[in-house]
Protein chains: 2
Amino acid sequence: MRTIRLLLQYDGTEFVGWQRQDSGVSVQGVIEDALSKIEGGAVTLHGAGRTDAGVHAEGQVASARLNSPLDDDTLARALNANLPPAVRVVAVATVADDFHARFSARAKTYEYRLWNGAAIPPFIRHYAWHVPQPLAVEVMQRAADALVGAHDFAAFQGTGSTVHTTVRTVTSARWIDARPAPGGRLLSFEMSGDGFLRHMVRAVTGTLVEIGLGRRPADDIPRLLAARERSEAGRTAPACGLFLVRVEY
Amino acid sequence: MRTIRLLLQYDGTEFVGWQRQDSGVSVQGVIEDALSKIEGGAVTLHGAGRTDAGVHAEGQVASARLNSPLDDDTLARALNANLPPAVRVVAVATVADDFHARFSARAKTYEYRLWNGAAIPPFIRHYAWHVPQPLAVEVMQRAADALVGAHDFAAFQGTGSTVHTTVRTVTSARWIDARPAPGGRLLSFEMSGDGFLRHMVRAVTGTLVEIGLGRRPADDIPRLLAARERSEAGRTAPACGLFLVRVEY
């Protein structure tokens, strides 16, 4: 028996999220089914991040233990042949037996993408939030600077979560003018840290956009971090704009 | 009554093509329906290029004549409110009455995109052709150079076409390494000219890819142009990789 690490990409549009559940088709579910078919027995997959329904991944990492004699590259090809085109295995690697995609992760990076312009290009309609009004990106960047460091992010946690601490360390939070385009621009908000609370990136993005629209004071982030009240912060940005882009070990 | 020019983007995946037809939903059809609703009477739309089923547009241009008193920007917003998200009006402009999107066009640019790598990223699966084998891009570029100029492109014309001449002038034909990415690269083939035959860009791309794979001589293009035989040239590349990107007047 060996332990494998999988590098994954997926379009989350049609899935109920990463985690296997009764309500519909999950990313974990389709990959576990493909692995189990190749293995000829049940295989359990552990993902680094449990992305929500509609959230995408450019660099999700998962781990599993299996007996299959297939070498890593052949396994990757066999998996892709058994997966829907919305889920791709970019690479498979055999790793140390104590590797666990979730518990071994040291840092993660998420990217939130939004289209700032009158009409959103059809090609990114499932991959970006459409914000037509003008946004003050420099103001949003100054506000985002206050997120960097170890803070209690309770104000940015989705309701119904049960975690033992809401303190997380954010190592970088930056807005990137990703692509000038006719009729608008694609903006990305990239956030790296040692861990993220449920809906944290989307709640932070929703709040920063309210600041960028002038609907909330530019210096509101320190107040929200101190208040620790979800109802004080901004709306949760839609799932379709969020990508898990990188996991570090 | 005034004449308007529309700048359009669309995701062609779910359409039977630009042209209205009985077999399914067309891009022309949904825009004519939205225009007619706003006008309160039938409006006919003329497109610069009649893209095939599954072909996309980043910069299609169309023209129409109508009586609606709405100003250009309001008309663009009203159209977008009545169109599916797969079709967007980027801009509307009132133009001279003798403007006709098709007959006034001086030049068009198409771009054909392909993913060259083991697994195609899920986000571009409807917007690029997947070619997993190694491609010699420099060889494909040298072959493409032979396309530039006024030539008889009969060898690259889809069967069943009836045009009075198959001579077209290509002003540029270049391969662009658009984006380095993990596990592969996105390659684009951009072709500009005064006009294009049916399936021409896709037949040219399919032929150049066969050259890049080493399955066809590097200097085959001049021979094919002289032969004027569709059966001598390469396969027609799939529709999903093709974009009409620009029309010049």
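Sequence lines set the chain letters: A, B, ... in the order given, protein chains first and strands last, and positions in each chain run from 1.
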>> As a quick check of understanding, evaluate side chain to side chain contact (heavy atoms under 4.5 Å, CB included) for A/Asn116 and A/Leu186, giving each step before the final call.
In response: CA-CA 6 Å; A/Asn116 189 213; A/Leu186 186 67; over 6 Å; no
>> Applying a heavy-atom distance below 4.5 Å, give me the residues of residues 8-36 of chain B that approach chain A, sorted by number.
In response: B/Gln9, B/Tyr10, B/Asp11
>> With a 4.5 Å cut-off on side-chain heavy atoms, are A/Leu114 and A/Trp175 touching?
In response: yes
>> Check B/Lys37 with B/Glu39, please: is the shortest side-chain N to carboxylate O separation under 4.0 Å?
In response: no
>> Quick check: under 4.5 Å, non-hydrogen atoms only, which of residues 54-71 of chain B neighbour chain A?
In response: B/His56, B/Ala57, B/Glu58
> Using the ring of each side chain (for Trp, its six-membered ring), is A/Phe243 parallel, tilted or perpendicular to A/Tyr127, with breaks at 30° and 60°?
Replying inline: tilted
>> Does either side chain, that of B/Arg202 or that of B/Thr236, offer a donor lying less than 3.5 Å from an acceptor on the other one?
In response: no
>> I'd like to know whether CZ of B/Arg174 has more than 12 heavy-atom contacts from other residues, nucleotides or ligands below 6.0 angstrom.
In response: no
>> Classify the ring geometry of A/His46 against A/His100: parallel below 30°, tilted from 30° to 60°, perpendicular beyond 60°.
In response: tilted
>> Is the distance between the ring centroids of A/Phe103 and A/Tyr249 under 6.0 Å?
In response: no
> Side chain, backbone, both or neither: which part of B/Phe123 has a non-hydrogen atom closer than 4.5 Å to chain A?
Replying inline: both
> What do the steps show when you test B/Phe189 against B/Leu208 for side chain to side chain contact (heavy atoms under 4.5 Å, CB included), and what is the final call?
Replying inline: CA-CA 10 Å; B/Phe189 177 59; B/Leu208 292 174; 3.5 Å; yes
> Under the side-chain contact (heavy atoms from CB on, under 4.5 Å) test, which residues partner A/Thr109, sequence neighbours left out?
Replying inline: A/Glu190, A/Ser192, A/Val245, A/Arg246, A/Glu248
> Should A/Asp194 and A/Arg106 be marked as a side chain to side chain contact (heavy atoms under 4.5 Å, CB included) after you check the CA-CA gap, both sets of side-chain angles, and the distance that decides it?
Replying inline: CA-CA 6 Å; A/Asp194 64 349; A/Arg106 286 190 309 106; over 6 Å; no
> Run the side chain to side chain contact (heavy atoms under 4.5 Å, CB included) check on B/Met191 and B/Val170 step by step: do they pass?
Replying inline: CA-CA 7 Å; B/Met191 204 170 171; B/Val170 169; 3.8 Å; yes
> Between A/Arg5 and A/Asp72, is there a salt bridge with N-O shorter than 4.0 Å?
Replying inline: no
> Where along residues 80-91 of chain A does a heavy atom come under 4.5 Å of chain B, listed by residue number?
Replying inline: A/Asn80, A/Pro85, A/Ala86, A/Arg88, A/Val89
